[in-house]
Amino acid sequence: MRLIILWFQVRAQEAFVQGQMDTLPLLRGDARNRACLSHKTAEAELYRLKAEYRKAKRGSGLSSITI
């Protein structure tokens with residue numbers, strides 16, 4: 001169940017980051033600077049979520065391999 005939740009969170013964050021990239025050329029001045037900072041923060045969250053997903057998918061090391 002945890003993998004499904006993380007998968008949806010990763011996909012939602014990817015869509016959010018892509019939406020920010022698509023609208024960035026439309027902004028100018030201070031609004032663009034704030035959007036760039038927000039975009040970098042969103043990318044960092046995406047990387048964190050992807051790492052958490054990989055860790056959950058991998059399991060807990062050797063104990064997940066043994067039967």
Decide, yes or no, whether a salt bridge links E52 with R2 under the criterion of side-chain N to carboxylate O below 4.0 Å.
yes
When you group the ILVMFWY residues by side-chain heavy-atom contacts below 4.5 Å and let the links chain together, are L46 and L6 in the same group?
yes
Are F8 and V10 grouped together when hydrophobic residues (ILVMFWY) are joined by side-chain heavy atoms under 4.5 angstrom apart?
yes
Atom pair OG1/CD of T23 and Q18 - distance to nearest 0.5 Å
10.0 Å
In terms of side-chain geometry, is the basic nitrogen of K50 or E14 positioned less than 4.0 Å from the acidic oxygen of its partner?
yes
Flag side-chain contact, heavy atom, 4.5 Å: L24 against H39
no
Between S38 and R34 (side chain of the first, backbone of the second, donor and acceptor by atom type, cut-off under 3.5 Å), is there such a pair?
no
State yes or no: do L37 and M21 share one hydrophobic cluster built from I, L, V, M, F, W and Y residues joined by side-chain heavy-atom distances below 4.5 Å, directly or via other members?
no
For Q9 and L49, work out which heavy atoms get closest and say how close.
OE1-CD2, 3.6 Å
Considering all heavy atoms of both residues, which atom of A42 and which atom of Q20 are nearest to each other, and what is their separation?
CB-OE1, 3.5 Å
